[in-house]
There are 2 protein chains.
Amino acid sequence: MEKVKSIKEIARLAGVSTATVSRVINQNGRFSKETEERVRRIIRQTEYVPNMSAKGLRTNRTRVVGLVVPDITNPHFSSLVLKLEMNFFEHGYSCLICNTNESEKLERKHIHTLSAQNVSGIVLISGTRNYSELDDVPVIYVDRPSRSQNSSGVMIESDNEEGGYLATQELLNAGCRHLVILKCLSSDTNQFSRYRGFQRALAEHGIEEDPHLYVDLPEVSSEKARNAITWLLEQNFHFDGIMCTTDTIAAGALIALREHGLSVPEDVLVTGFDDSQLAISCGPGITSVHQDVSKMAQLATGLLLEMICGKMPKQTYYQLPVYLEVRASTRR
Amino acid sequence: MEKVKSIKEIARLAGVSTATVSRVINQNGRFSKETEERVRRIIRQTEYVPNMSAKGLRTNRTRVVGLVVPDITNPHFSSLVLKLEMNFFEHGYSCLICNTNESEKLERKHIHTLSAQNVSGIVLISGTRNYSELDDVPVIYVDRPSRSQNSSGVMIESDNEEGGYLATQELLNAGCRHLVILKCLSSDTNQFSRYRGFQRALAEHGIEEDPHLYVDLPEVSSEKARNAITWLLEQNFHFDGIMCTTDTIAAGALIALREHGLSVPEDVLVTGFDDSQLAISCGPGITSVHQDVSKMAQLATGLLLEMICGKMPKQTYYQLPVYLEVRASTRR
DNA sequence: TTGAAAGCGCTAACAG
DNA sequence: CTGTTAGCGCTTTCAA
């Protein structure tokens with residue numbers, strides 16, 4: 001049987017009206033058992049696939065959501081995206097993926113495109129959130145708190161401050177007294193939250209922060225991290241622990257240490273953040289702050305679907321707990 | 001100025017017909033300089049965003065492509081997807097991301113959905129390729145050769161056999177004589193190609209393959225790899241090198257070796273495949289086969305866009321060269 | 001250079 | 001329970 005592209009042909013073949021076919025497909029309205037049977041059979045035989053453009057035009061609901069992330073290459077984001085995509089697909093939604101590469105300009109363009117695509121909703125990982133295009137699209141903000149005032153929409157994030165605190169605690173409890181903080185100088189505010197956790201732990205232990213051991217990387221990259229640690233070592237700055245705000249950064253730090261003949265955890269202790277594949281497989285295994293990505297994805301999916309159906313959730317801010325996954329890099 | 005959602009309102013505001021507005025937007029047909037100017041101004045002021053559903057319905061071209069990958073969490077795929085997405089976006093195309101999780105059923109559903117979404121084209125990483133839904137959609141097959149007969153569409157892959165050969169060569173040249181081959185038993189045929197390269201290198205050196213040292217993992221996971229190596233060690237099988245068909249697998253192998261007090265590369269040499277972040281940051285640094293992902297993405301994008309425009313490329317098969325990135329894991 | 005109008009495939013009143 | 005019909009926003013003849 002030849003292929004068929006419209007509901008009209010199905011209607012003709014089944015000897016009913018297009019309205020009936022539509023009803024059967026969408027389980028709307030009532031129809032006799034036998035009509036349904038007949039229509040379904042024709043649909044199966046003709047391998048008919050409904051046209052989503054037409055449906056989207058008519059109903060203004062596309063069953064497509066946008067996923068805006070900084071960089072899918074980052075393991076933390078890729079596992080988040082994987083879970084989001086699978087959850088959404090289970091509920092009949094497809095996902096447009098948008099990498100902003102941390103560029104505001106690119107992000108703006110993506111938002112614009114998503115709005116043109118008439119997406120049903122958006123999951124947005126971004127520090128910015130004053131896009132007028134998004135006024136009438138449900139949005140879930142994930143992972144990065146907003147820097148702007150307008151706070152409509154739902155926000156989900158990990159307790160980054162606590163994560164920074166836990167990691168630093170671990171280092172201090174193991175006896176470290178001269179801690180490097182290796183973070184990224186980005187607009188991304190949760191880098192800063194992790195740093196605040198670092199400071200809190202230091203303060204509790206009555207330890208002064210050493211400004212020489214505070215390093216801001218221009219970007220999250222193991223190469224930059226490696227260079228930074230190399231530089232510190234060559235300047236003969238003394239330190240016995242490194243708190244990294246990311247596993248990628250921690251991995252770079254490990255390389256530099258190894259290259260300079262230093263052992264982890266014998267000479268220097270290291271902590272990462274995200275508990276990614278990298279933390280598991282790197283060097284001796286990196287102690288890392290675990291974020292509950294599954295929970296994040298599950299919450300985001302559930303809430304966004306609710307919002308798409310018109311229900312505004314009562315709770316609009318979620319902070320997910322974190323815990324420390326201890327590995328060899330801090331085990332003396 | 002209030003928001004505007006249709007070309008009709010733009011037309012009214014500009015005092016022209018909808019046809020003219022459409023022409024201006026698409027740079028179609030002719031119109032006076034001043035009409036254009038006026039229309040453009042209105043569009044800017046009203047922040048008008050064209051409705052892609054309507055456009056898609058009318059033209060049958062959605063400017064959306066589907067990216068079907070096994071698992072975006074795999075660094076090799078995530079960097080491929082990143083590059084594909086950015087290339088396509090530069091050309092005005094958005095990307096639907098579909099994780100098949102290596103499940104044929106899920107893959108089939110995704111293909112079906114993509115077809116319903118009326119995508120302009122598809123980049124498909126899959127061993128299967130007999131989907132009747134895809135008969136009239138341009139498709140680029142990437143990374144995994146087809147197992148089926150029907151070979152319409154364009155195929156791009158790395159020279160996996162050569163990669164396996166190079167890695168094995170490296171181990172043999174370093175003096176290894178008892179090689180473990182740690183691969184994944186998947187439908188994915190390039191795992192097998194890498195293994196064939198392994199066999200070729202062995203044959204050239206006149207070395208017999210040891211069946212005890214042939215390991216098929218049920219899935220690509222560092223955990224499974226770790227268990228496998230642990231098991232080999234506990235069975236007291238002797239080996240001095242491990243050829244892994246994936247960096248993830250190599251990372252797992254390293255963990256097992258470390259746990260048993262074995263040093264890399266002093267006691268055992270290890271090679272990976274993909275030259276991912278993991279290879280760079282893991283253990284001592286893993287020697288790994290580098291695939292030219294950028295080139296792959298660039299080719300795929302270019303060819304698919306051509307096909308979308310109706311040109312069938314003359315060359316329908318591309319094999320990309322690989323090279324060995326040597327790191328500490330094989331440096332004695 | 002511009003406008004009028006048909007129609008892409010679908011859904012949702014409304015009428016029967 | 002089912003059919004008729006209007007129209008979503010856009011492009012594209014055809015005519016002016």
Side-chain angles (χ1 to χ4, degrees), chain A residues 3-40 42-43 46-64 92 113 115-120 133 136 310, chain B residues 3-40 42-43 46-64 92 112-113 115-120 133 136:
Chain A
K3 274 199 209 174
V4 139
K5 56 181 193 346
S6 101
I7 218 174
K8 212 150 93 190
E9 305 198 38
I10 300 288
R12 187 172 51 74
L13 259 40
V16 296
S17 74
T18 61
T20 302
V21 177
S22 171
R23 286 189 193 105
V24 169
I25 291 177
N26 300 295
Q27 297 290 329
N28 263 344
R30 255 161 295 289
F31 35 76
S32 71
K33 205 66 202 145
E34 48 183 328
T35 317
E36 172 171 17
E37 189 46 54
R38 190 148 30 94
V39 171
R40 287 216 174 289
I42 303 281
I43 289 182
T46 56
E47 299 185 12
Y48 164 73
V49 176
N51 181 324
M52 289 308 185
S53 298
K55 194 174 224 164
L57 173 59
R58 185 55 228 249
T59 61
N60 239 333
R61 291 176 299 122
T62 51
R63 299 209 139 232
V64 172
T113 306
S115 149
Q117 297 280 9
N118 240 310
V119 291
S120 299
E133 285 101 327
D136 24 48
Chain B
K3 273 200 211 175
V4 140
K5 59 184 189 347
S6 101
I7 218 176
K8 210 149 96 191
E9 304 197 40
I10 301 287
R12 188 173 49 74
L13 259 41
V16 296
S17 74
T18 61
T20 301
V21 177
S22 171
R23 287 190 192 106
V24 168
I25 290 177
N26 300 294
Q27 296 291 326
N28 263 345
R30 254 162 295 289
F31 34 75
S32 71
K33 205 68 203 143
E34 50 184 327
T35 316
E36 172 169 17
E37 188 47 54
R38 190 147 31 94
V39 172
R40 287 215 174 290
I42 304 281
I43 289 182
T46 55
E47 298 185 12
Y48 164 72
V49 176
N51 181 324
M52 289 309 185
S53 297
K55 193 175 225 161
L57 173 58
R58 188 53 230 248
T59 62
N60 238 332
R61 292 176 298 121
T62 51
R63 298 210 141 232
V64 171
H112 192 261
T113 307
S115 149
Q117 296 281 5
N118 239 309
V119 291
S120 300
E133 286 101 328
D136 25 48

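Because the structure is predicted, anything quoted here is derived from the model rather than measured. Chain letters run A, B, ... following the sequence lines, proteins first, then strands; residues in each count from 1.
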Does A:E34 have any side chain to side chain contact (heavy atoms under 4.5 Å, CB included) partners at least two apart in sequence or in another chain, and if so, which?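 In terms of side chain to side chain contact (heavy atoms under 4.5 Å, CB included), with neighbours along the sequence ignored, A:E34 is linked to A:S32.
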From C-beta outward on A:R30, which listed nucleotide comes closest to its side chain: D:dT4, D:dC1, C:dG3?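 Closest nucleotide to the A:R30 side chain: D:dC1.
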Roughly, in whole Å, what's the span from NZ in A:K33 to P in D:dC1?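 The answer, rounded to whole Å, is 11 Å.
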Could you tell me which residues satisfy salt bridge (charged side-chain N to carboxylate O under 4.0 Å, His left out) with [X], sequence neighbours excluded, listed by chain and number?
X: A:R61; answer: none
X: B:K8; answer: none
X: A:E36; answer: A:K33, A:R40

Name every donor-acceptor pair, under 3.5 Å, that has one atom in a side chain of residues 16-24 of chain B and the other anywhere in the protein, sequence neighbours excluded.
{"unit_1": "B:S17", "atom_1": "OG", "unit_2": "B:A19", "atom_2": "N", "d": "3.4"}
{"unit_1": "B:S17", "atom_1": "OG", "unit_2": "B:T20", "atom_2": "N", "d": "3.3"}
{"unit_1": "B:S17", "atom_1": "OG", "unit_2": "B:T20", "atom_2": "OG1", "d": "3.3"}
{"unit_1": "B:S22", "atom_1": "OG", "unit_2": "B:N26", "atom_2": "ND2", "d": "3.4"}

Heavy-atom protein contacts under 4.0 Å, nucleotides 8-16 of chain D, coded B base, S sugar-phosphate only, - none: BBBBBB---
